[in-house]
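Contents: one structure, followed by commentary.
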Amino acid sequence: MARPNEEVEGLLQEYADLIAITGGDAFKARAYEKAARAIGGHPVDISRLDAEGLREIPHVGRSIADKVVEYLRTGSVSAVEERRSKIPAGVRALTAIPTLGPKKALRLYEDLHISSVDELAAAIEADALHDLKGFGAKTQENILHGITLLRQAGGRIPLHVAMRDAEDIVGELSAVKGCRRCAYAGSLRRMRETIGDIDVLVAAARSGPFMDALAGLPSTAEVIAHGAKKTSVRTAQGIQVDLRVLPPDSWGAGLVYFTGSKAHNIRIRTIAVRQGLKLSEYGLFDAESEESVASRTEEDVYERLGLPWIPPTLREDRGEIEAALGGELPEVVTERDIRGDLHTHTDLTDGLASLETMVQAAAERGYAYFAVTDHAPGLAMQRMTDEKILAQREQVRALDGVHRGMRLLHGTELNIGPKGEVDWPDEFLAGFDLCVASVHSHFDLGRAAMTRRFVRVCENPHIQIIGHPTTRLVGKRPPVDADWDEVFAACARTGTALEVNAQPDRLDLCDEEILRAREYGVKFAVNTDAHCVPHLACLRFGVGTAQRGWLTAKDVVNTWPLSRLRRFLRKGGA
DNA sequence: GCCGTTTTCGGCCCGACTGTTTTCAGTCG
């Protein structure tokens, strides 16, 4: 994984924020933001590049290239340190509150010396903002609501952040001598959208070297507990990591024990007890003789309980035990089932990579087909025109089948207006191979209007997929309010697929809504909404979410062969 | 700070929404 790219992306974004907060040149701040995104989305590990190589990345010029080189060489950038010394970190944290930007954050800091979210919440409670300019009753209410949203994430970590750290740690521990098996478990293996802490398991005869290795990792900031069976540390970013080292014979039982949700584990332990057995992280034992009857693999443990192996993403006690007992466990969709991505962007709008680069990267993933769906004119900031999208269509046709025979579909991501209207008239839409339509504005229409809006989209014969349907952002923005049962019914009736957007801050639809929609017979598309090459790999998070929603390949249109997909895209037409 | 079928300066994503400072600043996508 390209860690340095992400580190530098974060650093440059922070610098941009600090410029904005201190009232610096807005265009300069934006220049840093653009460079941050470009580096984060750059497919080559930047630590392998020199200043010249760095400057070939779009939006990276002499000044930023020098700062990146300084960072790679010394681990910090003096210009950033200088700004940091002027603005406490908590002031920047304030801008994470929806509706509170850099200007308001600075005012709060300068006038009231508020430098953390907690201090701000306390100040509002104490009515300390009453004569602060620009902070009327409504603004304070909005800020409090924003703080509530932030806190609902409850200090949990986004899935992809935890995944990256867990894979690094698994990589390090796997290299320790004597390691027989190493894997992450817990909610991360179940692919929950946020993660409380990271659970790592090792199978080895001796535990000491692994405990020491974890405690000694560069990413470890604090050792919370250091024992023979369990070690807990906190990383520099504040993430808790629990390591358990098990005897190799206990590997399967340990994985079962540390992967299942609490509710799932209670259910399978109950099943064990009824059979005169006892289940722990060390194995499945005869309750009387205490003799081990299964423990080496997860399959062994489940089989001895009379169950088939249950995919980790289903282990939530949401009916998977009953389904397993009845032989009706779904064969959930896997990453290998996905034949193509149906929602992606290029640098024609807000993507980072050219059409050619995106197509080539998609072909390297082994896709049979791939859709390019840049933004339509309704999203004014993208400045799309008829001419530009038609010119792109020519380029798409020219590249069709060129890379490993991969077929290309030319599409667009339409903007859904408040009444369900979209950017282009029917005649123009008919020229696309597929249209994704998404809500990007008017989030607070009220349930009835929002429902009508979606139903009208479903009834549009040229729209085959609703993109990120609820528009929620994990821990940041709640889903829009609609009568989803009515929307799901309309999707099923009209043959409109719902997207499972794989961007880790969206994961939209989420698992629970997928479970509901599935009951209506709705079809789904697991798409990355990629804006750069590395985003294509986010597919795994979308597939994990689809699995949590019990979807099989039959439910997911982009697992289908192209001929069948094309029939679906005609939406009941000829 | 970056960029150039505008080529070393002068632009840079544009428009809508919201609350409030009643004429517009701040925020967002």
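All values reported here derive from a predicted model rather than from experimental measurement.
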Sticking with atom C1', work out how far dA16(B) lies from dG11(B), rounded to a whole angstrom. 23 Å
Quick one: side chain to side chain donor-acceptor pair (under 3.5 Å) partners of Thr545(A), sequence neighbours excluded? none
Nucleotide forming a Watson-Crick or wobble pair with dT8(B), both distances under 3.5 Å: none
Given Asn558(A), Asp529(A), Thr528(A), the one that forms side chain to side chain donor-acceptor pair (under 3.5 Å) with His343(A): Asp529(A)
Name of the residue among Asp555(A), Val526(A), Val333(A), Asp508(A) meeting side chain to side chain contact (heavy atoms under 4.5 Å, CB included) with Val500(A): Val526(A)
Please list, chain by chain and in numerical order, all residues satisfying side chain to side chain donor-acceptor pair (under 3.5 Å) with Tyr520(A), sequence neighbours excluded. Asp485(A)
Distance in angstrom units between Asp529(A) CG and dG29(B) C1', rounded: 13 Å
For the P atoms, the ones on dC12(B) and on dG19(B), what distance do you get once it is rounded to whole angstrom? 30 Å
Under 3.5 Å, side-chain donor or acceptor atoms of residues 28-41 of chain A against the rest of the protein: list the pairs with distances, not counting sequence neighbours.
{"residue": "Tyr32(A)", "atom": "OH", "partner": "Lys67(A)", "partner atom": "NZ", "Å": "2.9"}
{"residue": "Arg37(A)", "atom": "NH2", "partner": "Asp350(A)", "partner atom": "O", "Å": "2.9"}

Would you mind reading off the distance between Met384(A) atom CE and dG29(B) atom C1', rounded to a whole angstrom? 16 Å
Protein-nucleotide distance (Asp374(A), atom CG; dC13(B), atom C1'), rounded to Å: 15 Å
Gap in Å between the two P atoms, one belonging to dG4(B) and one to dC13(B), rounded: 12 Å
Might you work through the salt bridge (charged side-chain N to carboxylate O under 4.0 Å, His left out) test for Arg84(A) and Glu14(A), ending with a clear yes or no? CA-CA 9 Å; Arg84(A) 277 179 181 169; Glu14(A) 180 187 347; 2.7 Å; yes
Under 3.5 Å, which protein N or O atoms sit close to an N or O of nucleotides 22-27 of chain B? Give each pair with its distance.
{"residue": "dT27(B)", "atom": "OP1", "partner": "Gly101(A)", "partner atom": "N", "Å": "2.5"}
{"residue": "dT27(B)", "atom": "OP1", "partner": "Gly101(A)", "partner atom": "O", "Å": "3.1"}
{"residue": "dT27(B)", "atom": "OP1", "partner": "Lys104(A)", "partner atom": "N", "Å": "3.2"}
{"residue": "dT27(B)", "atom": "OP2", "partner": "Lys103(A)", "partner atom": "N", "Å": "3.2"}
{"residue": "dT27(B)", "atom": "O5'", "partner": "Gly101(A)", "partner atom": "N", "Å": "3.4"}

Ignoring hydrogens and angles, state whether a donor on the side chain of Glu356(A) or His403(A) is under 3.5 Å from an acceptor on the partner side chain. yes
Is Ala29(A) touching bases, backbone alone, or none of the nucleic acid, heavy atoms closer than 4.0 Å? nothing
Let's go through Asn501(A) and Glu499(A) carefully: what are the C-alpha distance in whole Å and the side-chain angles of both, what is the deciding distance for side chain to side chain donor-acceptor pair (under 3.5 Å) to 0.1 Å, and is it a yes or a no? CA-CA 6 Å; Asn501(A) 187 294; Glu499(A) 181 171 80; 2.9 Å; yes
Using the C1' atom as the reference point in each nucleotide, state the distance between dT20(B) and dC24(B) in Å, no decimals. 9 Å
Quick one: is Asn142(A) getting a side-chain N or O under 4.0 Å of the dT18(B) phosphate, OP1 or OP2? no
Which residues pass the side chain to side chain donor-acceptor pair (under 3.5 Å) test with Asp17(A), sequence neighbours left out? Gln13(A), Arg92(A)
Evaluate side chain to side chain donor-acceptor pair (under 3.5 Å) for Thr346(A) paired with Asp374(A), printing each intermediate quantity in order. CA-CA 7 Å; Thr346(A) 75; Asp374(A) 271 312; 2.6 Å; yes
Taken in chain and number order and not counting sequence neighbours, the residues that satisfy side chain to side chain donor-acceptor pair (under 3.5 Å) with Arg472(A) are Glu193(A)
For Phe443(A) and dT18(B), give me the distance from atom CZ to atom P, rounded to whole Å. 11 Å
Given DNA chain B, 5'-ward residue of the pair Tyr15(A) and Lys138(A), judged by closest heavy atom: Tyr15(A)
Euclidean distance, atom CZ of residue Arg37(A) to atom C1' of dG1(B) [Å, nearest integer]: 17 Å
Residues 107-139 of chain A vs ring-ring contact (aromatic ring centres under 6.0 Å, His included), sequence neighbours excluded, gives none
Distance, C1' atom - from dG10(B) to dG15(B), rounded to whole angstrom: 23 Å
Using the C1' atom in both, what is the distance from dG29(B) to dT23(B), to the nearest Å? 25 Å
Walking DNA chain B from its 5' end, the first of Lys28(A) and Thr139(A) to be reached, judged by nearest nucleotide, is Lys28(A)
I'd like a list of close polar pairs between nucleotides 10-12 of chain B and the protein, N/O only, cut-off under 3.5 Å.
none

In short, salt bridge (charged side-chain N to carboxylate O under 4.0 Å, His left out) pairs touching residues 448-463 of chain A with sequence neighbours left out are Glu459(A)-Arg493(A)
Test: ring-ring contact (aromatic ring centres under 6.0 Å, His included). Region: residues 441-473 of chain A. Which pairs qualify, not counting sequence neighbours? His440(A)-His468(A), Phe454(A)-Trp484(A)
Indicate the ring-plane relationship of Tyr367(A) and Phe370(A), choosing parallel, tilted or perpendicular according to the 30° and 60° boundaries. parallel
Report each atom pair, protein N/O against N/O of nucleotides 15-17 of chain B, whose distance is under 3.5 angstrom.
{"residue": "dC17(B)", "atom": "OP1", "partner": "His442(A)", "partner atom": "NE2", "Å": "3.1"}

Starting at CD1 of Ile143(A) and ending at P of dT18(B), how long is that distance when rounded to a whole Å? 17 Å
For the C1' atoms, the ones on dC2(B) and on dT7(B), what distance do you get once it is rounded to whole angstrom? 13 Å
Taking only nitrogen or oxygen atoms into account, show me every contact under 3.5 Å that the protein makes with nucleotides 3-8 of chain B, one pair per line with its distance.
{"residue": "dC3(B)", "atom": "OP1", "partner": "His59(A)", "partner atom": "N", "Å": "2.6"}

Round to the nearest Å and state the distance from Asp508(A) atom CG to dG29(B) atom C1'. 16 Å
Spacing of Leu54(A) atom CG relative to dC2(B) atom C1', expressed in whole Å: 15 Å
